[in-house]
Amino acid sequence: MADYNFQEIEKKWQSTWEKSGIFKAKVDYSKPKFYSLDMFPYPSGAGLHVGHPLGYIASDIITRYKRLHGFNVLHPMGYDSFGLPAEQYAIQTGQHPAITTEENIKRYTEQLKNIGFAFDWNKEIRTSDASYYKWTQWIFMQLFDSYYDKTADKAKSIDSLMKLFESEGNSKLDAVCDEETPEFTAPEWNDFTQKRKQEILLQYRLTFLAETTVNWCSALGTVLSNDEVKDGFSERGGHPVERKKMMQWSMRITAYAERLLQGLDTVEWTEPIKEMQRNWIGKSIGAEMVFQIKDHQKSIKVFTTRIDTIYGVTYLALAPEHELVDELITEEKRTEAEAYIEVAKNRSDRDRMSDVKTISGTFTGSYAINPFNREEIPVWIADYVLIGYGTGAVMAVPAHDERDYNFANHFGLEVRQVIEGSMENGSFPGKGGVITNSGFISGLEMKDAIQEAIDFLEKEKIGNGKVQYRMRDAIFTRQRYWGEPLPVYFKDSLPHLIDQKDLPLVLPDVNKYLPTEDGEPPLARAKDWNYKTSDGEYPLEKSTMPGWAGSSWYFFRFMDPDNPERFVDPEKAKYWGAVDLYIGGAEHATGHLLYSRFWTKFLYDIEAVAIEEPFQKMINQGMIQGRSNMVYRIKGTNAFVSQGLKDQYDTSEMHVDVNIVHNDQLNLDKFKEWRPDLGNAEFILEDGKYICGAEVEKMSKSKYNVVNPDDIIERYGADTLRLYEMFLGPLEQFKPWNTNGIDGVFKFLKKLWRLYHTQEGEFSVSDNPASQEELKALHKTIKKTQEDMENYSFNTSVSSFMICVNDLSGLKCNKREILEPLAILVSPYAPHIAEELWSLLGNKDSVVTASFPVFDAQYLIENFHEYPVSINGKMRAKLSLPLSLSKEEIEKSALKDTVVQKWLEGKTPKKIIVVPGKIVNIVL
RNA sequence: GCCGGGAUGGUGGAAUAGGUAGACACGCAAGACUUAAAAUCUUGUGGCCUCACGGCCGUGCGGGUUCGAUUCCCGCUCCUGGUACCA
């Protein structure tokens with residue numbers, strides 16, 4: 001083998017690794033463990049593009065590096081294979097989604113294997129396999145059988161709740177439940193019918209059935225999450241979405257709000273991601289209180305974070321959907337108010353969002369009484385108040401809240417200042433300061449005033465301090481086919497779990513994947529979608545689980561993917577623990593990453609796992625964007641003008657396939673073949689070349705800018721692809737894909753290869769001892785590789801390899817003492833070539849099992865250090881002085897130097913600043 | 001609006017407990033080898049002035065602290081990610 005033949009080398013080692021099973025992970029207490037995980041992909045029909053492997057390459061480098069340090073590594077890969085695209089394809093073509101999914105997975109796996117990842121493919125999982133979703137269903141059942149005890153601050157079993165009800169009712173119980181849950185005593189409970197009991201238990205279960213307002217998309221026949229709705233239209237397909245009340249399964253994630261918040265302090269994630277989750281959970285500390293309505297039995301409950309401004313309240317505002325609205329509207333206001341409510345309710349989310357400036361509202365005609373000063377204040381309806389947050393009613397303090405101020409100004413309501421300070425820029429101070437004009441809390445600071453006011457509320461029994469979270473319970477059903485069936489049947493219109501021994505409840509076949517004509521989910525089309533029990537046959541739930549169900553616990557299944565008895569063996573779960581390094585995009589901050597934490601905490605509560613946080617450390621890689629190339633057609637002709645000359649003509653821009661452009665230079669022959677209509681294209685060149693324009697955009701088929709890793713691998717090899725993706729820039733950064741620099745990395749590998757070979761291409765490594773300079777080049781690289789790995793700074797590491805190879809080439813180094821450790825150093829980045837060189841060096845074992853070279857600082861020690869000398873801040877000379885000198889000795893040596901003497905011209909310096917090892921600065 | 005991240009040559013990017021800005025790579029130019037090309041190697045390459053020696057200016061803009069600022073502080077501009085009337 002004369003030259004660096006990457007195709008042969010890569011094929012050879014990939015099959016060797018596969019045959020030897022070297023990446024199989026096993027529990028081994030003699031070694032420290034390292035669990036490295038990538039966010040598993042959805043296998044889409046478009047295949048893998050060069051953006052996908054970015055994070056996988058980074059984690060692969062780290063796991064290979066950890067192996068060299070003696071860690072027992074778990075590095076699995078699998079597929080999040082339930083999802084909408086396969087279902088939509090099924091609707092269009094009638095092909096079962098499982099078939100499409102299978103094909104896509106095959107393609108993905110093949111593409112991934114070509115890159116030479118050290119995945120343990122034996123642990124591959126697919127969320128759409130019945131053997132996998134059996135356990136997704138099992139976890140659902142555990143949630144159904146649990147409630148949240150606030151006193152113990154953990155989930156407990158429904159059985160224990162029933163026992164509690166039997167012995168003491170629910171009056172003393174502090175548990176998370178529905179708003180309208182009634183209070184009852186033990187005797188009352190025991191008298192309830194079985195049905196009534198089940199109804200009440202449903203109000204406590206962690207997964208429960210409730211009527212919720214949802215985003216209903218009739219075109220897709222399904223409910224969408226807020227994330228999937230953009231400006232009132234579905235993200236996929238752009239169909240209109242309306243708000244509709246429906247019975248839906250929900251998860252009481254809100255029970256875990258505080259623990260999800262606290263847990264963030266224990267994980268090593270980037271601050272922006274943590275902040276996003278904190279904002280999403282949205283904790284606000286405030287108070288809840290009731291306002292009596294004048295001449296009325298009912299009262300209005302409000303939530304406020306600023307109870308200290310209670311004396312500044314000049315009106316109450318209710319959401320248009322508020323339950324008391326109808327009762328509060330007086331006869332003379334009815335026509336006007338009802339018209340307003342009608343308009344407000346029909347306003348789409350889109351209108352509400354884009355139209356923040358329009359202030360609208362209407363007076364109900366009713367008055368409420370402020371319990372602090374017995375004042376009568378008008379009750380308004382305003383669509384800036386949201387029904388879904390707090391109580392759907394606010395106490396408005398126009399003087400100290402911008403929205404209230406705008407509203408009051410618009411409708412001529414009173415603005416009453418209750419915090420000291422003068423008006424600035426059209427508003428009063430909002431926070432801090434001393435309360436004024438406020439009865440018994442006047443003169444207090446905000447914090448004290450809040451406490452005093454809450455004490456008053458509690459004494460008068462009209463309110464209390466309260467913590468409010470913005471986060472809502474998570475809706476857990478979709479009216480779709482391609483998802484996990486819920487293990488639930490209905491009896492007396494109440495949900496019951498199927499027997500655990502009947503898991504998995506396998507997704508039935510249907511003749512069509514669309515919802516039925518009367519709006520039922522696709523599963524309604526399945527024959528015999530019923531559950532047989534000893535006392536009869538009952539209908540099964542027809543909705544399926546949302547996309548996030550399977551991905552919320554997959555990191556546990558990887559530890560023990562084939563276990564038919566349990567979702568994970570406790571012993572294995574204990575050994576592997578939390579994911580040590582999780583790599584994936586930041587776009588999952590408030591979805592997947594929150595749900596996974598929620599399920600993990602729940603599984604911890606029921607003692608199914610021993611960890612509370614699934615992902616200890618996380619890195620979020622940036623997206624690789626596409627770099628499109630443009631050609632410029634002279635209008636009305638088939639002539640194309642090079643970019644530099646396009647301003648001289650009247651042209652129109654056209655996307656051109658980036659695969660026929662190299663370094664922005666168009667391959668003219670390939671261009672003519674690209675599309676039939678371009679066969680007779682003419683070109684106006686500059687310097688004999690056609691230069692294309694370029695633009696950074698998202699990678700997409702329609703922009704002809706998708707780069708497939710297979711093409712790169714064919715041309716340069718997987719090792720070049722791996723190195724180049726890392727060389728492109730910092731991992732976290734968003735960056736466009738461009739192959740402009742790929743030749744440099746490829747050249748590096750060829751140079752590396754040549755270090756181990758003679759000019760004629762014969763393998764040739766000498767056993768002579770290495771020189772000081774050669775050892776220095778090596779140890780510099782060991783040090784840098786180690787440091788960069790700690791900082792995940794892969795791009796500079798690649799640079800340091802290049803420097804090392806350049807140095808060694810210059811020294812004509814072919815010593816085993818240097819080249820053996822060098823092969824180990826580059827092996828995480830370029831595993832195939834490293835493995836080949838390693839074996840040429842005569843090693844029988846794989847380089848994967850080698851030991852990372854030991855860094856020895858003595859080869860880097862310099863006896864002299866260059867001290868830049870500056871005079872009055874200007875750099876004038878460089879002095880070479882022994883490293884060991886003290887501050888005073890450096891100063892003395894510098895002053896004695898003839899060059900410095902010349903500049904001083906006999907003057908005595910005012911001050912000399914010496915930074916040992918760095919600089920000498922003389923001030924005249 | 002609010003909360004993050006960022007701005008450095010023709011290009012991707014190095015360098016921050018303040019200390020020779022532009023590592024490494026691409027591109028470009030010149031040269032060597034070659035009938036030629038590819039490949040490879042050598043040299044140069046921030047801008048301006050200068051035959052040269054050398055000098056001046058340079059890390060988005062304007063100030064500040066410092067002997068010294070890409071780095072720290074204050075005030076802007078632009079780009080980018082998240083979020084959206086949360087009481």
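Model, not experiment: these values are computed from the prediction. Letters A, B, ... are given to chains in the order of the sequence lines, protein chains preceding strands, and every chain is numbered from 1.
- The same atom, C1', is picked in B:C26 and in B:U16; the two are 26 Å apart, to the nearest Å.
- Contacts of residues 790-808 of chain A with RNA chain B (heavy atom under 4.0 Å): A:Asn795, A:Thr796, A:Ser799, A:Met802, A:Ile803, A:Asn806.
- With B:G13, B:A87, B:G4 as the candidates, the nucleotide lying closest to the side chain of A:Pro272 is B:G4.
- Protein atom CD of A:Glu271 is 9 Å distant from nucleotide atom P of B:G5, rounded to whole Å.
- Using a 4.0 Å cut-off, some side-chain N or O of A:Gln733 falls inside it from OP1 or OP2 of B:G13.
- Comparing B:C2 with B:U66, their P atoms are spaced 33 Å from each other, to the whole Å.
- Residue contacts for A:Lys751: at a heavy-atom cut-off of 4.0 Å it reaches the sugar-phosphate backbone alone, with no base atom in range.
- Put simply, A:Tyr384 has no side-chain N or O that comes within less than 4.0 Å of OP1 or OP2 on B:A87.
- Comparing B:A87, B:C3, B:C24 against the side chain of A:Glu275 picks out B:C3 as the nearest.
- Residue A:Arg754 is classed as a sugar-phosphate contact, given heavy-atom separations below 4.0 Å to backbone atoms only.
- The nearest whole Å value for the distance from the NZ atom in A:Lys735 to the C1' atom in B:G81 is 15 Å.
- A:Asn409 has its side chain within reach of A:Tyr405: a pair of non-hydrogen atoms, C-beta onward, lies under 4.5 Å apart.
- Separation of the C1' atoms belonging to B:U20 and B:U59 is 15 Å when rounded to the nearest angstrom.
- With P as the reference atom, B:A32 and B:A21 are 36 Å apart, rounded to whole Å.
- Residue contacts shown for A:Phe734 are absent, as no nucleic acid heavy atom lies under 4.0 Å away.
- B:A37 and B:A17 have their P atoms separated by 49 Å, with the value rounded to a whole Å.
- A:Lys784 has no side-chain polar atom (N or O) that falls below the 4.0 Å cut-off from OP1 or OP2 of B:A23.
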Notebook entry, point to check: Between A:Phe407 and A:Tyr315, is a ring pair (Phe, Tyr, Trp, His ring centres under 6.0 Å) present by the stated rule, with each step listed?
Noted result: CA-CA 10 Å; A:Phe407 191 86; A:Tyr315 67 97; 5.2 Å; yes
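- Atom CG of A:Leu728 is separated from atom P of B:A25 by 16 Å (rounded to the nearest Å).
- Going from atom CG of A:Leu749 over to atom C1' of B:U40 covers 16 Å, rounded to whole Å.
- Nucleotide B:C78 has B:G6 as its partner under the Watson-Crick or G-U criteria, with both atom distances under 3.5 Å.
- Comparing B:G4, B:A84, B:A87 by their closest approach to the side chain of A:Phe303 singles out B:A87.
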Next item on the list: Mind running side chain to side chain contact (heavy atoms under 4.5 Å, CB included) on A:Phe291 and A:Asn370 for me, showing each step along the way?
Entry: CA-CA 6 Å; A:Phe291 285 76; A:Asn370 183 341; 4.3 Å; yes
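- Across every strand in view, B:G1 sits in a pair with B:U83 that passes the Watson-Crick or G-U test at under 3.5 angstrom.
- A side-chain contact (heavy atoms from CB on, under 4.5 Å) with A:Met726 is found for one member of A:Val745, A:Leu54, A:Leu721 and no other, namely A:Leu54.
- Nearer to the 5' terminus of RNA chain B, by closest-nucleotide assignment, is the contact made by A:Pro730 (compared with the other of A:Ala393 and A:Pro730).
- Closest to the side chain of A:Lys750, out of B:A87, B:A39, B:C24, is B:A39.
- The two atoms that bring A:Cys813 and A:Leu755 nearest to each other are O-CD2, 3.7 Å, heavy atoms only.
- Using atom P as the reference point in both B:G64 and B:C53, the two lie 36 Å apart (nearest Å).
- Look at B:A39: it lacks any Watson-Crick or wobble partner with both distances under 3.5 angstrom.
- As rounded to whole Å, 12 Å separates atom P of B:A87 from atom CD1 of A:Ile450.
- Base pairing annotation: B:A14 forms no Watson-Crick or G-U wobble pair, as no partner gives both donor-acceptor distances under 3.5 Å.
- Across all their heavy atoms, A:Ala58 and A:Leu731 have their closest contact at CB-CD2, 3.7 Å.
- Note on residues 721-730 of chain A: pairs passing salt bridge (charged side-chain N to carboxylate O under 4.0 Å, His left out), not counting sequence neighbours, are A:Asp60-A:Arg722.
- A straight line from CG of A:Asn620 to P of B:G4 spans 17 Å, rounded to a whole angstrom.
- Between A:Asp308 and A:Ile310, every side-chain heavy-atom pair lies at or beyond the 4.5 Å cut-off.
- For A:Phe746 and A:Phe6, the gap between ring centers is short of 6.0 Å.
- When both pairing distances are held under 3.5 Å, B:G44 makes a Watson-Crick or G-U pair with B:C28.
- Remark: the separation of the P atoms in B:A29 and B:C78 is 38 Å, to the nearest Å.
- When the nucleotides B:A87, B:G4, B:A84 are ranked by their closest atom to the side chain of A:Thr304, B:A87 comes out on top.
- Taking A:Glu275 as the reference, A:Glu271, A:Arg278, A:Asn279 meet the side chain to side chain contact (heavy atoms under 4.5 Å, CB included) condition, with sequence neighbours excluded.
- The interatomic distance linking A:Asp788 (CG) with B:A15 (C1') rounds to 13 Å, in whole Å.
- A 3.5 Å limit on both hydrogen-bonding distances identifies B:G64 as the Watson-Crick or G-U partner of B:C72.
- Atom C1' of nucleotide B:A38 and atom NZ of A:Lys747 are separated by 13 Å, given to the nearest angstrom.
- Taking atom C1' in both B:G10 and B:C3, the straight-line distance is 36 Å, to the nearest Å.
- Classified by its glycosidic torsion, B:G9 falls in the syn category, the angle being within 90° of 0.
- Comparing A:Asn279 and A:Thr305, the nucleotide of RNA chain B nearest to each residue sits closer to the 5' end for A:Asn279.
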